[in-house]
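Whatever order the structure lists ligands and atoms in, that order sets their numbers, starting from 1. Just so it is clear, the values below take in all heavy atoms, side chains as well, and ignore hydrogens, waters and symmetry mates. Sequence positions, counted from 1, serve as the residue numbers for this chain.
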Amino acid sequence: MIKYDLIRSSRKTLALYVRPDGRVEVRAPLKVSKAYIDRFVEGKDAWIQKTQRRLAKAQDEKKTILLTSEEERKYKNQALLLLQGRCAEFAGIMGVAYGNIRVNKAKTRWGSCTAKGDINFTYRLLFVPQELIDYVVVHELAHLKEMNHSPRFWAVVQSVMPDYKERRKQLKEYHRRIELAD
Ligand SMILES: [Zn+2]
């Protein structure tokens, strides 16, 4: 029998989750019986085990990269050179003009841009594949046309990078796996 945490609410359907720590959580309507929920969870046994294995593996693979301040400075310069090149190339294709490019050590965002057209990137981008760096560059440059994440914004991204959804997904995966210690 699989152990699980049960959360009842006024929802209409049963839902099953495996949390990042591997614990199983079931969300259930108020009136569904415990026996019914037990059978439901047992029926999902294979999926639960597969998901728990996948999460455990991701946890093992998570890398923490420790850098000295000297290394950090080097990486920031390296990232700046790389990103200046990529921005120039894609801005030409997209017909946008940007302000200053800066590289910071942000941990939670790959990039951001200001209303003035300055773009910030994190040097963590050096640790992801080139095609994902390019996605971040195109994403930020697209904000110079659309300062939001509306369908119009995504249409701009897609016009330059038809496979952006796949790249975006991969980048999220990296976000989970790479952690830079201060
Ligand atoms: Zn954005």
**Message:** Does atom CZ (R109) have a neighbourhood of more than 12 heavy atoms from anything else shown, all under 6.0 Å?
**Reply:** no

**Request:** Determine, using the 4.5 Å side-chain heavy-atom cutoff (strictly less than), whether Y17 and I7 are members of one ILVMFWY cluster.
**Result:** no

**Prompt:** Does R152 CZ have over 12 foreign heavy atoms under 6.0 Å away?
**Reply:** no

**Carboxylate-amine/guanidinium contact E72 K76, below 4.0 Å** = yes

**Prompt:** Side chains of Y4 and D38: is there a donor and an acceptor less than 3.5 Å apart?
**Reply:** yes

**Prompt:** So W154 and Y135, would you call those rings parallel, tilted or perpendicular, with 30° and 60° as cut-offs?
**Reply:** parallel

**Request:** Using 2.8 Å as the cut-off, note every protein N, O or S atom close to the Zn ion (ligand 1).
**Result:** H139 NE2, H143 NE2, H149 NE2

